[in-house]
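Below is one structure, written out as structure tokens; the observations come after it.
Each residue takes its place number in the sequence, starting with 1. Computed from heavy atoms alone, side chains included, the values below leave out hydrogens, waters and symmetry copies. Indexing begins at 1, ligand by ligand and atom by atom, following the structure's order.
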Amino acid sequence: MPKKKSIQFDIVTIFPNVFSEYFNSTILARAQKKKLIKINILDLRKFAKKSDPHKSVDDRPYGGGPGMILMFEPIAKALKSIKRTKKARIIMTAPEGKKLTQKEAKRLSQYDQLIILCGRYEGFDSRVEELIDEKISIGKYVLAGGELPAMVITETVARHVPGVVGHDEALTEETFSKGDDYVEYPQYTRPETVKHGRKKLSVPKVLLSGDHAKIKDWRDKNKKK
Ligand SMILES: C[S@@+](CC[C@H](N)C(=O)[O-])C[C@H]1O[C@@H](n2cnc3c(N)ncnc32)[C@H](O)[C@@H]1O
């Protein structure tokens, strides 16, 4: 029997506690229980100099300027501590990185292991780029850290592992699944009619018809606005 596809995520962060509530709830909790994904959180401070009682992982920028920079050495040590699979990819979260899209998430889901570095402060010492395979951005805005991007990357990539999303066919129908311009059709559930102020909002009749060909035709012609 072919081996079931699974992905391991190793997330390197100075805020290891922020992940547990989200990853241990939601579909990601079920995916971990079903061993479709594995998530390891590594506390970067554990890789600070042993002699440093403050467990510092950042320092001031050479040349001056605001803020602090994450140092090369703790990150190099953290990465060295992670056992790699054959198909591992090291990702740096970075606002200037390659934009995460559905297509990119699908590409990343072909790896067995994604090691994700969460930046903080003013970002990483530039030499950390020697240690990584690629930089990923979740959008053209600047967050205070890479933890939210790491969660976004983990969830959107994990959804491409067969079995993670309850109905796998949802992945082939949903928005962006057929290209960046593709938008899913409008969806309705009970009741058939709802009141909104003076308006009565009813479900399109065709969806109640039970005629699958007509429903498909309607869905092909209608997009969510
Ligand atoms: C305050 S940001 C650093 C911004 C950096 N000084 C700059 O101007 O590009 C700190 C960290 O948050 C993460 N981050 C912020 N915005 C992000 C985004 N849009 N996508 C991915 N990571 C982001 C990165 O890990 C980054 O190193």
Side-chain angles (χ1 to χ4, degrees), residues 7-23 26-28 37-49 52 54-82 84 88-111 113-161 175-176 180:
I7 305 184
Q8 176 171 323
F9 297 88
D10 297 274
I11 300 175
V12 182
T13 171
I14 61 165
F15 290 115
N17 297 332
V18 304
F19 294 90
S20 55
E21 185 68 28
Y22 194 74
F23 285 162
T26 71
I27 60 162
L28 297 179
I37 61 167
K38 188 171 181 205
I39 305 177
N40 299 319
I41 309 292
L42 285 90
D43 181 355
L44 184 61
R45 293 200 188 279
K46 290 207 174 130
F47 302 91
K49 269 198 185 116
D52 176 5
H54 304 293
K55 302 287 168 224
S56 307
V57 290
D58 57 305
D59 209 333
R60 288 183 305 254
Y62 279 117
M68 302 295 272
I69 306 295
L70 284 173
M71 294 189 290
F72 176 91
E73 281 160 321
I75 292 167
K77 276 192 209 157
L79 289 177
K80 214 170 160 195
S81 78
I82 300 170
R84 308 269 169 92
R89 192 88 173 150
I90 304 178
I91 295 170
M92 173 191 277
T93 54
E96 76 280 14
K98 194 170 193 183
K99 192 149 139 233
L100 185 66
T101 59
Q102 190 78 341
K103 199 170 153 203
E104 287 302 313
K106 200 167 177 188
R107 174 181 66 81
L108 291 172
S109 74
Q110 305 308 310
Y111 291 94
Q113 182 181 23
L114 295 182
I115 300 167
I116 307 174
L117 300 178
C118 304
R120 273 278 149 184
Y121 314 119
E122 290 310 313
F124 300 91
D125 182 313
S126 260
R127 291 166 291 187
V128 173
E129 294 194 18
E130 294 290 322
L131 306 174
I132 62 159
D133 294 310
E134 62 181 297
K135 295 198 257 184
I136 295 282
S137 168
I138 63 162
K140 287 198 168 189
Y141 44 80
V142 178
L143 294 156
E147 286 73 19
L148 289 171
M151 285 192 205
V152 171
I153 296 167
T154 302
E155 178 162 314
T156 191
V157 171
R159 291 182 81 252
H160 290 282
V161 177
T175 299
F176 307 135
D180 286 351

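Protein heavy atom nearest atom 19 (N) of ligand 1, with residue, atom name and distance: Y141 O, 2.8 Å. V142 CG1, 3.9 Å is the protein heavy atom nearest to atom 4 (C) of ligand 1. Considering only non-hydrogen protein atoms, atom 8 (O) of ligand 1 sits nearest to E122 OE1, 5.0 Å. Looking only at heavy atoms of the protein, atom 21 (C) of ligand 1 is closest to A94 N, 3.4 Å. Among all non-hydrogen protein atoms, the one lying nearest atom 7 (C) of ligand 1 is P95 CG, 4.5 Å. I138 N, 3.1 Å is the protein heavy atom nearest to atom 20 (N) of ligand 1. Residue, atom and distance of the protein heavy atom nearest to atom 10 (C) of ligand 1 are Y121 O, 3.4 Å.
Ion pair E134/K98 not flagged as a salt bridge, since none of the NZ, NE, NH1 or NH2 atoms sits closer than 4.0 Å to an Asp/Glu carboxylate oxygen. Between R127 and E130 there is no salt bridge, since none of the side-chain N atoms of the basic residue sits less than 4.0 Å from a carboxylate O of the acidic one. We find that D43 and R45 are not joined by a salt bridge, their nearest charged nitrogen and carboxylate oxygen being 4.0 Å or further apart.
Within the 4.5 Å cutoff, no side-chain heavy atoms of Q113 are placed close to those of K38.
Summarising the geometry of A88 relative to R84, their closest heavy-atom pair is CB-CD, 4.2 Å, with the distance given to 0.1 Å. Of all heavy-atom pairs spanning C118 and T13, the tightest one is SG-CB, 4.0 Å.
Between M71 atom CE and S56 atom OG the span is 6.0 Å, to the nearest 0.5 Å.
By the 3.5 Å distance cut-off applied to N or O atoms, P149 is not counted among the residues near ligand 1. On a distance-only criterion, T93 and ligand 1 share at least one N/O pair closer than 3.5 Å.
Interface of G146 with ligand 1, defined as ligand atoms under 4.0 Å from a residue heavy atom, comprises 12 (O), 13 (C), 25 (O). Short contacts between ligand 1 and S137, defined as distances under 4.0 Å to a heavy atom of the residue, involve ligand atoms 19 (N), 20 (N), 21 (C). Ligand-side atoms of ligand 1 in range of G139: 19 (N), range being under 4.0 angstrom from any heavy atom.
Residue pairs meeting the side chain to side chain donor-acceptor pair (under 3.5 Å) criterion with at least one partner in residues 58-81, sequence neighbours excluded, are absent.
Under the 4.0 angstrom criterion, atom 24 (C) of ligand 1 counts as having a protein heavy-atom contact.
For atom 15 (C) of ligand 1, the candidate residues are I136, L148, L143; the nearest heavy-atom contact is made by L143.
Under the ring-ring contact (aromatic ring centres under 6.0 Å, His included) criterion, F23 pairs with F19, not counting sequence neighbours.
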